[in-house]
Q: 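One structure, pasted below without further comment.
Keep in mind the model is a prediction, meaning the values are calculated, not measured. In listed order, ligands and their atoms are each counted from 1.
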Amino acid sequence: MQVDYLIIGQGISGTWLSYYLQKERKSFLVIDNNDRSSPSRIAAGIINPVTGRRHVTVWMADELLSFAWKSYTAIGHELGITAISHKNIIDFFPSPQMRISFMQRVEEKSPYVHSYAEQNQFNPLFNYDFGCGEIRPVYIVHLEILLPAWRKRLEESNSLLEETFEPGSLKISADSVQYKDIKAGQILFCDGNNSSSNHYFDRLPFAPNKGEVLIVDIPDLPPTHIYKRGMMLAPLAKAGLWWIGSNYAWEFKDAAPTREFREQVTQLLGNWLKPSFKIIDHFSSLRPATLERRPFAGLHPHYPAVGILNGMGTKGCSLAPFFANQLVDLLLRGEPITAEADIGRFTKLLAKKQIRNS
Ligand SMILES: Cc1cc2nc3c(=O)[nH]c(=O)nc-3n(C[C@H](O)[C@H](O)[C@H](O)COP(=O)(O)OP(=O)(O)OC[C@H]3O[C@@H](n4cnc5c(N)ncnc54)[C@H](O)[C@@H]3O)c2cc1C
């Protein structure tokens, strides 16, 4: 088999990369092992323009949000699904201090942080003593619909191989790659944390971060908003089901779900929520985060047949479409990638390894 590109991984990064290559009528094969606990398969899909306790506007928010809305709407039309919805966050302040901090951001005219006029609106649904504010616009990507729908499209065009990629079977030359009986012009790694143990990219400053989530049945909670009190409570596509999470652990024993998280969230829901709820499932995964919190996109500075789209950290849903589009512009037209995301910034780090190995 001969293709223009071999893509490893069909999480949100591999999905967007293959989407834009298909738009350019390029041939490709995606190899993906359908890992049910990969971050893309357990994420809420929230695209939130602010971050942290101080509600700081995220990097490139204006550009990323409008690009995400357009691109998910377009892929949704193409697949006949709803890939993205607009759902603002109602932020319930956990303390008077947090209320003051939030209102300061409102006074500073932070573009995404707003006061909420109907302070008592949510009394029938939640216990909250210190009021609430609104973050808008916020989007939610329906990953549980989008990823299988795109996978089906790949299968129908014979562009998907469901198996585990084995790095030992890969042979690289200056202008092509060979993997078993597959020949390709270039190989593009979208395999999340697995790239951190890959011969070509293991020097990149990956910093995996563990996150857990509970899936909860709350039939009497209207899915009009995403609700936040420390954690996010976000509606899933299936009526009555909600996603609640997450934590951010830099140190962890393994990637498995923990009893501590389940107990912590059960207690939070018990204190916060008025309608009854039932825990349905519990997942955890390692986010492909990076030390300087910026993605890795581009071609290896010393192996031009090898590329990467990775390091999406906590924000894969907004970063992946934007940088997949940029990577395709680089591959086909030589256009540069935004400097902060370009793996060219690690040319020295990646070069050292090449010299040592040669
Ligand atoms: C609990 C939690 C909540 C999150 N919530 C959000 C959120 O609300 N919004 C947001 O934007 N981001 C969120 N994230 C982050 C988001 O999930 C990631 O940024 C994103 O999913 C990374 O996507 P990716 O495609 O780069 O990598 P991955 O999701 O890791 O995908 C890699 C793919 O490659 C495949 N693969 C890996 N190795 C191999 C191999 N050797 N052979 C074959 N296939 C392979 C895997 O099966 C997988 O399909 C969350 C993450 C977690 C853990």
Q: Of all residues at least two apart in sequence or in a different chain, which pass the salt bridge (Lys or Arg N to Asp or Glu O under 4.0 Å) check with R99?
A: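 R99 satisfies salt bridge (Lys or Arg N to Asp or Glu O under 4.0 Å) with no other residue.
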Q: At their closest point, which heavy atom of D32 faces which heavy atom of Q10, and how far apart are they?
A: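 Taking D32 first and Q10 second, the nearest heavy atoms are OD2-N, 2.6 Å.
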Q: Over 60° means perpendicular and under 30° means parallel, so classify the ring planes of H300 and Y200, tilted if in between.
A: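 Answer is perpendicular, since the angle exceeds 60°.
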Q: So if I only count non-hydrogen atoms and take anything under 4.0 Å from ligand 1, which residues does that give, chain by chain?
A: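 Around ligand 1, where the cutoff is 4.0 Å for heavy atoms, the contacting residues are G9, Q10, G11, I12, S13, I31, D32, N33, N34, D35, S38, P39, S40, R41, I42, A43, A44, G45, I46, E163, T164, F165, C190, D191, G192, N194, G211, W243, S246, S285, R287, P288, M312, G313, T314, K315, G316, C317.
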Q: Please state whether the rings of H225 and F122 are parallel, tilted or perpendicular, taking 30° and 60° as the class boundaries.
A: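 Geometry flag for F122 against H225: perpendicular rings.
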Q: Do the side chains of F165 and D191 get nearer than 4.5 Å, heavy atoms only?
A: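 No, side chains not in contact.
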Q: How are the rings of Y20 and F67 set to each other: parallel, tilted or perpendicular (split at 30° and 60°)?
A: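 Tilted, since the angle between the ring planes falls between 30° and 60°.
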